Amino acid sequence: MSLQWGKIYVTREELSLANVLQAGQAFRWILDENSGEYLTTMKIANNLNYSVVLLRQTDDKFIECSTYDKVCDLKDLVSHFESYFRTDVKVEEMHANEWLPRDPKFQNIETHGIRILGQEPWETLVSFICSTNNNISRITKMCHALCLNYGKKIGSFNSTEFYSFPSSDEIMNKATEAELRSLGFGYRAKYIIETAKRLVQNKKENDILSDTEFLMMMSKSNDYNELREHLMSYSGIGPKVADCICLMGMRKDHVVPVDVHVERIAQRDYRIKATNKEIVQLRELYKTLPITRKKVNFQLDYIRTSLNEKWGPYAGWAQGILFFREVGGTTGANTEGKIKKRKNDNINVVAEDTKQEQMDDIPSSKKSRIKSEQLI
Ligand SMILES: Nc1nc2[nH]c(O)nc2c(=O)[nH]1
């Protein structure tokens with residue numbers, strides 16, 4: 001099949017597909033190791049149905065995008081990916097004009113072509129429920145299992161089958177907790193079922209059919225604290241997961257998700273620690289937000305607000321760069337159905353020693369060690 005490709009003009013310093021698509025933000029991109037193309041399914045433009053899309057980066061000045069089903073013209077596809085990759089945000093400019101003047105530590109920090117994605121919020125929400133106490137390899141496996149078992153088949157290309165990401169209705173109607181447990185979701189099985197049911201109920205009460213539309217409505221009509229309160233009302237969503245959804249699924253660029261890795265950075269590099277007085281102030285702030293008050297860890301929340309103040313309106317992007325530096329590495333699916341750890345794109349970086357481990361082929365006795373190394 002001959003494909004037509006559209007060009008998105010963005011340099012490799014601003015966007016490295018290898019460092020962004022399989023590095024802990026998105027979990028459903030599949031790499032064709034022969035062609036170097038990345039494939040997944042997405043809803044394009046205003047289309048309600050999923051299409052198979054392809055991306056490649058063969059030049060340092062642009063990336064290229066295509067789709068098998070020609071769901072829209074190339075101009076609209078290019079616009080879709082400009083929005084997905086948030087090309088309106090210039091990371092090099094942010095580094096020079098926002099982060100470096102506010103934080104001299106950015107003098108020694110390269111951006112590695114990393115940027116925050118503008119993903120579909122429902123898929124982001126479910127993916128980050130799966131991310132709790134988990135590594136990229138297993139999150140990837142879970143996201144693909146959801147699509148294979150509960151999504152719609154979109155097509156089969158070069159013997160790889162592609163599925164949509166299941167809606168909350170599809171999960172509610174087709175999945176059970178026991179089945180998800182048998183697919184390897186562990187305790188997250190219950191969270192996914194309960195969350196899908198609540199979202200179906202919320203959509204019904206608001207007379208909205210689409211998960212994307214409901215979550216975007218919540219995102220637009222609430223300030224950050226209220227939005228986080230809403231997100232944390234779903235089963236399995238705590239402050240870190242809620243903040244990842246805000247940042248990577250709702251374009252809340254200032255939000256800094258704080259997990260053990262960011263806590264380590266904050267304490268080691270910035271000596272951030274809340275005093276009792278600061279904790280009391282946060283408690284007071286959350287007086288009208290009972291779920292936040294219950295679920296939040298005040299020390300971690302203080303780190304979140306401190307880093308947000310330090311790095312400014314695009315603090316979440318600064319976190320993304322430090323997170324990649326701290327946790328490192330890319331891991332994702334290939335067209336043979338294997339999940340592999342890969343080398344980072346070494347744009348102005350010394351490549352890390354990333355052995356091409358096939359996670360699925362590693363004996364389970366060793367897996368627990370690898371899992372704990374890669375928890376994100
Ligand atoms: N940029 C980030 N990616 C992430 N993945 C994940 O699971 N957590 C994070 C995060 O905090 N930042």
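Each ligand, and each atom within it, is numbered from 1 in the order the structure gives. Everything numeric in this text was worked out from a predicted model, so none of it was measured.
For Ser131, no nitrogen or oxygen atom sits less than 3.5 Å from a nitrogen or oxygen atom of ligand 1, counting backbone and side chain alike. Polar contact check, Gln25 against ligand 1: no nitrogen or oxygen pair lies under 3.5 Å apart. Below 3.5 Å of separation, one finds an N or O of Gly24 facing an N or O of ligand 1.
A heavy-atom separation below 4.0 Å is not found between His261 and ligand 1. Within the 4.0 Å heavy-atom shell around ligand 1 one finds Phe128.
For atom 9 (C) of ligand 1, the closest non-hydrogen atom of the protein is Phe323 CZ, 3.3 Å. Looking only at protein heavy atoms, the nearest one to atom 11 (O) of ligand 1 is Gln319 NE2, 2.7 Å. Nearest protein neighbour of atom 8 (N) of ligand 1, counting heavy atoms only, is Lys240 NZ, 3.0 Å. The protein heavy-atom contact nearest to atom 7 (O) of ligand 1 is Ile376 CD1, 3.1 Å.
Atoms of ligand 1 lying under 4.0 Å from any heavy atom of Gly320, numbered from 1 in the order shown and given with element: 1 (N).
Between Asp243 and Lys240, none of the side-chain N atoms (NZ, or NE/NH1/NH2) sits under 4.0 Å from a carboxylate O, so this pair counts as no salt bridge. Using a 4.0 Å cut-off between charged side-chain N and carboxylate O, Asp88 and Arg86 make a salt bridge. In summary, Lys90 and Glu14 do not engage in a salt bridge, as defined by a charged side-chain N under 4.0 Å from a carboxylate O. Using a 4.0 Å cut-off between charged nitrogen and carboxylate oxygen, Glu177 and Arg181 count as a salt-bridge pair.
Taking the salt bridge (charged side-chain N to carboxylate O under 4.0 Å, His left out) definition, one finds that Arg271 meets it with nothing, sequence neighbours left out.
At a heavy-atom cutoff of 4.0 Å, ligand 1 is contacted by the side chain of Cys244 but not by its backbone.
Geometric assessment of Arg293 against the ring of Tyr286 yields a negative cation-pi assignment under the 6.0 Å and 45° thresholds.
For the residue pair Thr67/Asp69, the side-chain donor-acceptor check at 3.5 Å is satisfied. With 3.5 Å as the limit, one finds no donor-acceptor pair spanning the side chains of Thr111 and Glu13.
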